[in-house]
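One structure below.
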There are 4 protein chains.
Amino acid sequence: MMNDPEHAFTERALKQRERILEAARLCFLKRGFHGASIADIAHEAGMSPGLIYRYFPSKQAIIKAIIERQLESGRRALEEIKSAEDFVQGILNAIEHWRSGCANHMNAPLFLEISAEATRDPEIAATVEEADRLIKNHLLEAMQRTARSKVLYQDPRRANARILLLMSVVEGLAIRACRDPQLDPDLLRCALTKFIAGLQADEREYAAAAQAHSSCTKT
Amino acid sequence: MMNDPEHAFTERALKQRERILEAARLCFLKRGFHGASIADIAHEAGMSPGLIYRYFPSKQAIIKAIIERQLESGRRALEEIKSAEDFVQGILNAIEHWRSGCANHMNAPLFLEISAEATRDPEIAATVEEADRLIKNHLLEAMQRTARSKVLYQDPRRANARILLLMSVVEGLAIRACRDPQLDPDLLRCALTKFIAGLQADEREYAAAAQAHSSCTKT
Amino acid sequence: MMNDPEHAFTERALKQRERILEAARLCFLKRGFHGASIADIAHEAGMSPGLIYRYFPSKQAIIKAIIERQLESGRRALEEIKSAEDFVQGILNAIEHWRSGCANHMNAPLFLEISAEATRDPEIAATVEEADRLIKNHLLEAMQRTARSKVLYQDPRRANARILLLMSVVEGLAIRACRDPQLDPDLLRCALTKFIAGLQADEREYAAAAQAHSSCTKT
Amino acid sequence: MMNDPEHAFTERALKQRERILEAARLCFLKRGFHGASIADIAHEAGMSPGLIYRYFPSKQAIIKAIIERQLESGRRALEEIKSAEDFVQGILNAIEHWRSGCANHMNAPLFLEISAEATRDPEIAATVEEADRLIKNHLLEAMQRTARSKVLYQDPRRANARILLLMSVVEGLAIRACRDPQLDPDLLRCALTKFIAGLQADEREYAAAAQAHSSCTKT
DNA sequence: CATGAATGAGGGTTCATTCAT
DNA sequence: AATGAATGAACCCTCATTCAT
């Protein structure tokens, strides 16, 4: 509207960035960060390669934007998990979304690509780590809130271990789920249920023990 | 000495292949499969780019060789885990090796790279899957052998779920361990111990239930 | 202007393809198909090497385009020969054009290059053969039309032999003419005239014999 | 035998050069001068690439040696033609040899390769021209010797035209014969016979005319 | 704002040639 | 004399990026 030298925040500009990012996501999905070319992305977005550079300074910038979006999707997935009635079902839904390639959800091949990239680019590593920390905190808070025994989480080491485990399991399952598209969803559910049951059993057990006497940490 | 039309198996040739593969491993580690150039690898190996093609027909062949070696390392790691006195300790050792970047052990950034590549290249996918199946079978057999209750593993679904879970956890932990080099090894141990304890508790529980009456499957 | 997904047929694109092909022709002339590099061609065309690949998918494609053009020139030359008042003069003009290196005419060094290439590449061989067949048919038809005795061409073997001979002579003379730039055009004319005279004498002779009695083939 | 710093003329050395040249000939035949590599030639010769450089200073030198050999074969072919009872049959034999790929005979694909190379490399051009001149002279002398009318050849222009024509026809037929391996040998013979008959008829005619009165040049 | 032609550095690969053994 | 490992320049081709229109 206004004669705005900074065009970056016009509604149109936002829409264009959106188009580019969605196209990039699809291309990266199909061919990886390095395999997808700007020309591919431009074609997928239905625009010219040159135009992309009006909205992003470089391919690397697109990659970083995609990474941030995916991490943001991860956070959103967390919210959904937290608000789901059934915790297990929530995680399964999340994993299913990973497999789906849907735009609004973290996606396993991209997750691999991102993780790999993070091992090389310190800036990406920092971004990923930051997102990780945020998720970890949310998760911790959620677990504390719903825990049968608050005590369990008073020991930060124990709490961290549980969260580390939970996140590793989810990621590990998600990667396998993506690597093997034939993997039976029921098997996934079965494995995850068992795992969560284990966590809860542990919690219960700990709660019982805690009730018996004040504080006896048994590793 | 011998009238050897194929130079590929002389001692020197083997040593050169080794030099190249080790250089490639380091380069792939630093820059990824696509980011590392033949020139990089040649430089790292202290030889000219052309020479590499005396020992490998293409860069892709080097990548595949690296992948196979890593998968082989994975299998070796499994053997070590199986033969370790303490199962948990065995896995922790394995994960520690992943982090070390040592040539003889599976290595987490490469694992990510491989998984990402398998998403796109069907041949690599097949290789990875094959290795996976082999490990799964070994693991299954090992778990059956040491199980307190053989019955538990008679239900293939249940057995598969346990293995899926175990492998996912190990991989998930390994990736996190590699992504965050500051991650406290003790925390890792704590998480893994808890997980294994959960698995064993489940087994025990199941054995008890099985003893109560002949066969009551409770998912 | 138009919503044209294929840029290949815009006026500019055609002009560029033309520029490239003409540059390629000159380079191939100077250094042969294999001796001329894409960089040479790009330099000759006054453009960057990369740009060439916007208009041709590979060097091989350029070679094939050049070959097709040359064969097309051969067909055009044939038309000119057929429409020339004097057959001998028409052929001499054609040969002179071969020597000129002009873009619109078949050119002897390229003809050699093409023939040599056809020896190895079956696809090129097929293209050349196809063009050859076409020329042969045209020539046959022209000779039949202007023949003093139609009977002569009723024996396909005899007709084919005459055409084979004619084409071989023209090509042979053209190659020599190109190999030895000092070769006197008058000598060329003299030789060719004699040859054509021989052909016509044969025809006449045959016609006379045929008139004597119905059919006496004397090889 | 002797401690000979110039090893170039040892019997062994000659044998080695022979081996290399024959291998080179086969490789050049299959893949052309540029398509055949030193490694190919070494392999075909059953020796190491390095050894080749003990007997030839460069690939170019091998090419030149091959060219000289082929030209020499051309000269030998000429001798055979001259000594054949039937001139036509002699030429047909020669052409058949061109097609055969036999070591001792000029060979059509190589002839193409050589002619093409001669248009670029002045040194090769000179060699070829030299050989050509030699053949021309021999042919001239032979034709004069066997001519029914010596007078015909007293006009050098007329003589040169006949020779130019003859050589062009032979080369032209040879190239076509090599380009189209399916070409019927009988057709070849038919065409050539007709051509030679034409030459002889011309000669006869000229002799008759010459007899009529002393000297009346008609074209 | 948008295009897509143009650039040129750099990638994988080949191969004539050299040289230590 | 002979090997074949090693070199490095040059090849074909791709693609991130720029810029005239």
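Letters go in sequence order (proteins before strands), and every chain restarts at 1.
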(message) Without decimals, in angstroms, what is the distance between B:I52 CD1 and E:dG12 C1'?
(response) 11 Å

(message) Between A:K64 and A:D121, is the side chain to side chain contact (heavy atoms under 4.5 Å, CB included) condition met? List the steps.
(response) CA-CA 10 Å; A:K64 293 207 168 145; A:D121 183 323; 3.6 Å; yes

(message) Quick check: on DNA chain F, is the nucleotide nearest A:P57 upstream (toward 5') of the one nearest C:S37, or the reverse? Name the residue that is more 5'.
(response) C:S37

(message) Looking only at the side chain of A:R12 (C-beta and beyond, no hydrogens), which of the listed nucleotides F:dT3, F:dT17, E:dA2 gets closest?
(response) E:dA2

(request) For D:D40 and D:G35, work out which heavy atoms get closest and say how close. (result) OD2-O, 4.0 Å

(request) Write down the atom of A:F28, the atom of A:A36, and the distance for their closest heavy-atom approach. (result) CD2-CB, 3.7 Å

(request) Rounded off to whole Å, could you give me the CD1-to-P distance for the B:I62 and E:dG11 pair? (result) 15 Å

(request) Can you tell me the distance, in whole Å, between the CD1 atom of D:I63 and the C1' atom of E:dT17? (result) 14 Å

(message) Between P on F:dA5 and CZ on B:R17, what's the gap in Å once rounded to a whole number?
(response) 13 Å

(request) Please tell me which of C:P49 and D:K59 maps to the more 5' nucleotide of DNA chain E, matching each residue to the nucleotide holding its nearest heavy atom. (result) C:P49

(request) Check the distance between F:dT18's P and C:M47's CE and give it to me in whole angstrom. (result) 22 Å

(request) Tell me which of B:L51 and B:F33 sits closer to the 5' end of DNA chain E, going by the nucleotide each one is nearest to. (result) B:F33

(request) Give the minimum heavy-atom separation between D:E113 and D:G32, together with the two atoms involved. (result) OE2-CA, 3.6 Å

(message) Please determine whether a side-chain nitrogen of the Lys or Arg among D:R25 and D:E22 lies less than 4.0 Å from a carboxylate oxygen of the Asp or Glu.
(response) yes

(request) Please check the phosphate of E:dC1 (OP1 and OP2 only) for any side-chain N or O of A:Y55 closer than 4.0 Å. (result) yes

(request) Select base, sugar-phosphate, or nothing to describe what C:A36 touches, counting heavy atoms under 4.0 Å on all strands. (result) sugar-phosphate

(message) Taking Watson-Crick (N1-N3 plus N6-O4 or O6-N4) and G-U wobble (N1-O2, O6-N3), each under 3.5 Å, can you produce the dot-bracket string of DNA chain F? Use [ ] for crossing pairs and | for inter-strand ones.
(response) .||||||||||||||||||||

(request) Using atom CG of D:D40 as one end and atom C1' of E:dA16 as the other, report the distance to the nearest whole Å. (result) 12 Å

(request) Please state whether the phosphate of E:dT17, meaning OP1 or OP2, lies under 4.0 angstrom from any side-chain nitrogen or oxygen of D:R54. (result) no

(message) If you only use heavy atoms from C-beta on, which nucleotide in E:dA2, F:dC12, E:dA6 is closest to the side chain of A:Q16?
(response) E:dA2

(request) Please report, rounded to the nearest Å, how far the P atom of E:dA6 is from the NZ atom of C:K15. (result) 11 Å

(request) Measure from the side-chain heavy atoms of B:S48 and tell me the nearest of E:dA6, F:dT3, F:dA6. (result) F:dA6

(message) Measuring only between side-chain heavy atoms, which start at C-beta, is D:I38 closer than 4.5 Å to D:I62?
(response) yes

(message) Please check: side-chain N/O of D:T10 versus main-chain N/O of D:A13, any donor-acceptor pairing under 3.5 Å?
(response) no

(message) Between C:Y53 and F:dC13, is there a contact of a side-chain N or O with OP1 or OP2 at under 4.0 Å?
(response) yes

(request) Using a 4.0 Å heavy-atom cut-off across all strands, classify D:I38 as base, sugar-phosphate, or nothing. (result) base

(request) Flag yes if more than 12 heavy atoms outside A:R31 fall under 6.0 Å of its CZ atom; otherwise flag no. (result) no

(request) Specify the separation, in whole Å, of atom CD1 of C:I20 and atom P of E:dA5. (result) 12 Å

